[in-house]
Student: 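Quick one: structure below, then a few questions.
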Number of protein chains: 2
Amino acid sequence: MTPMKEDYLKIIFELGGTSKMVSNKQISQSLDIAAGSVTEMVSKLVEDGLATHTPYAGISLTDEGIELAEQLVRKHRLWETFLVDKLDYKLSEVHEDAEQLEHVTSDKLTNSLSDFLGNPTHCPHGGVIPTADGVYQQYSHIMLSELEDGDVAVVDRLADNRDLLTYLDQIDFDLGDKIKVISHAPFEGPITVQLLSEKNGEEQREVSFKASHYVFVIPEADK
Amino acid sequence: MTPMKEDYLKIIFELGGTSKMVSNKQISQSLDIAAGSVTEMVSKLVEDGLATHTPYAGISLTDEGIELAEQLVRKHRLWETFLVDKLDYKLSEVHEDAEQLEHVTSDKLTNSLSDFLGNPTHCPHGGVIPTADGVYQQYSHIMLSELEDGDVAVVDRLADNRDLLTYLDQIDFDLGDKIKVISHAPFEGPITVQLLSEKNGEEQREVSFKASHYVFVIPEADK
DNA sequence: AATCATATTTAGGTTAACATAACATTTTTG
DNA sequence: CAAAAATGTTATGTTAACCTAAATATGATT
């Protein structure tokens, strides 16, 4: 394993590669790496038995790949918890450092850190922290962008990207908010949503088209 | 900067490249990298203005190189302190993890960590932790192997190498011990020293030839 | 001082991870 | 449904950091 392979694994995992197929383009854009380079690296992951690749169709993770990615997510989120809880980082500042730390974190260090933090179950972004033995509660891979006007949902998870988090922080849009989709502006314009929690009367928020692909939601059961 | 350049800087620093010239061979052996590769990398450090190189004579650090190396040492030692003080690592276990962590530690993280630890001044091995603004107390670069029979000295610093620390732990040879050199066995055999602290009556220790190159001492002023 | 051993540098080759550009396949659309 | 657009793959080139082996310099020994 190399840090780069780890980054690919993690991004495929986060894009939903545990259940669906992820496209080359999604990976290429998320990592900001040329499409050709992605194809190359994916074929190495396939050789390593960590991913499957059907040309022109997409990429998924094998069970082994999933297990590895989960442990990376575990390391990442433990570090985020450390940075916020112990070093007083702000939520929007944690990503870069945690991203680097996770690649150099031995299993012993991971477990010691977890103990030190009181074996937390959730990171500061609301994500579940997988346990050492790989038990992992599934969370949403449904993007806000997939909802239609009138749909109601709860914001379950935010992709861990500094720019995104800063943006959402600015527009005051939080994890756990219950929302109703009001309208989609044309030409990839923003999605207007209404905040449904008690205290926010009729407040609305405009979430950019791009950001809506990095906000994951749990839709309300069909009415 | 890359992690590898950082490793070179740090090793040159630790081998005394702040004041004397360090040989290609010393670097090559310490990092377990072929001599040719060392020449190549050193020439990059020279291009970067971090080191000076006189062919066939040796390598030293520039002021800028020293400053950078000090900050690496600072990061390394802060992590060691964290691992021992907060995560209950044993002294002989800290090196590997700290070595990896130091390369991915931003300045912000370094300072936050230092605050969290109470701005410690010394790492668990007895080394001084340089401050953020580069103030750094010099410590000994005199190796136990350089002493002659009859010399008296205090053990000031141990190179931070797992095998070495495990070995010294086994033979019960500690930081701070005041010693007198009794004899040098021929053919690179062990150096016999006598422990001079009150409670160790006439106790002696045999330190292997190789280990004696990684134990740094402050000799007693000439009598 | 000539020889030999050791240390260092130089030259040429390898690998991982990237890029660009040409080619191939899908998907969209008039 | 054919042409255009988008996406994906293959081929080729680059860079950083390593290696081995050959060439060169230094210093130690007779």
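In what follows, every chain begins at residue 1, and chains take the letters A, B, ... in the order their sequences are listed. All values below come from the heavy atoms of this structure, side chains included, with hydrogens, waters and symmetry mates left out.
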Student: Taking salt bridge (Lys or Arg N to Asp or Glu O under 4.0 Å) as the cut-off, I'd like each qualifying pair that reaches into residues 30-54 of chain B, sequence neighbours left out, listed once.
Tutor: B:Lys5-B:Asp48

Student: Going by heavy atoms closer than 4.0 Å, what residues in residues 51-58 of chain A are next to DNA chain D?
Tutor: A:His53, A:Pro55, A:Tyr56

Student: Find the distance between CD1 (B:Ile129) and CG (B:Leu78) and round it off to the nearest 0.5 Å.
Tutor: 5.0 Å

Student: Return the set of residues passing side chain to side chain donor-acceptor pair (under 3.5 Å) with A:Thr105 (not counting sequence neighbours), or none when no residue passes.
Tutor: A:Trp79

Student: Please determine whether ring-ring contact (aromatic ring centres under 6.0 Å, His included) holds for the pair A:Phe82 and B:Phe82, giving the CA-CA distance in whole Å, both sets of side-chain angles, and the decisive distance to 0.1 Å.
Tutor: CA-CA 12 Å; A:Phe82 172 72; B:Phe82 172 72; 5.1 Å; yes

Student: So, taking the atom named NZ in A:Lys10 and the one named CG in A:Leu72, what distance separates them when rounded to the nearest 0.5 Å?
Tutor: 7.0 Å

Student: Could you check which residues of residues 19-31 of chain A get a heavy atom under 4.0 Å from DNA chain D? Sort them by number, please.
Tutor: A:Ser23, A:Asn24, A:Lys25

Student: Starting at CG of A:Asp7 and ending at P of C:dA17, how long is that distance when rounded to a whole Å?
Tutor: 11 Å

Student: Without decimals, in angstroms, what is the distance between A:Met41 CE and C:dA19 P?
Tutor: 11 Å

Student: Is the Lys NZ or Arg CZ of A:Arg157 less than 6.0 Å from the centre of A:Phe216's six-membered ring, within 45° of the axis?
Tutor: yes

Student: Out of C:dA16, C:dC18, C:dT8, which has the shortest distance to the side chain of B:Thr39?
Tutor: C:dT8

Student: With a cut-off of under 6.0 Å to the ring centre and 45° to the axis, is A:Lys210 in cation-pi contact with A:Tyr167?
Tutor: no

Student: Specify the separation, in whole Å, of atom NE2 of A:His103 and atom P of C:dA17.
Tutor: 12 Å

Student: Could you tell me the boundaries of the chain A footprint on DNA chain D, defined by atoms under 4.0 Å from its heavy atoms?
Tutor: D:dT7 to D:dT10

Student: For the pair made of CD in B:Glu40 and P in C:dG13, what is the distance, rounded to whole Å?
Tutor: 15 Å

Student: Heavy atoms only: give me the nearest A:Ile182-A:Asp149 pair and the separation to one decimal.
Tutor: O-CG, 3.6 Å

Student: Which atom pair, heavy atoms only, marks the closest approach of A:Ala132 to A:Gln71?
Tutor: O-NE2, 3.6 Å

Student: The criterion is side chain to side chain donor-acceptor pair (under 3.5 Å); which residues satisfy it with A:Ser106, sequence neighbours excluded?
Tutor: B:Asp97

Student: Between C:dC18, C:dT20, C:dA16, spot the one nearest the side chain of A:Tyr8, thanks.
Tutor: C:dC18

Student: Work out which heavy atom in B:Ser112 is nearest to a heavy atom in A:Tyr89; give both atom names and the distance.
Tutor: OG-CE1, 3.8 Å

Student: Taking CE from A:Met4 and P from C:dA19, how many angstroms apart are they, rounded to a whole number?
Tutor: 11 Å

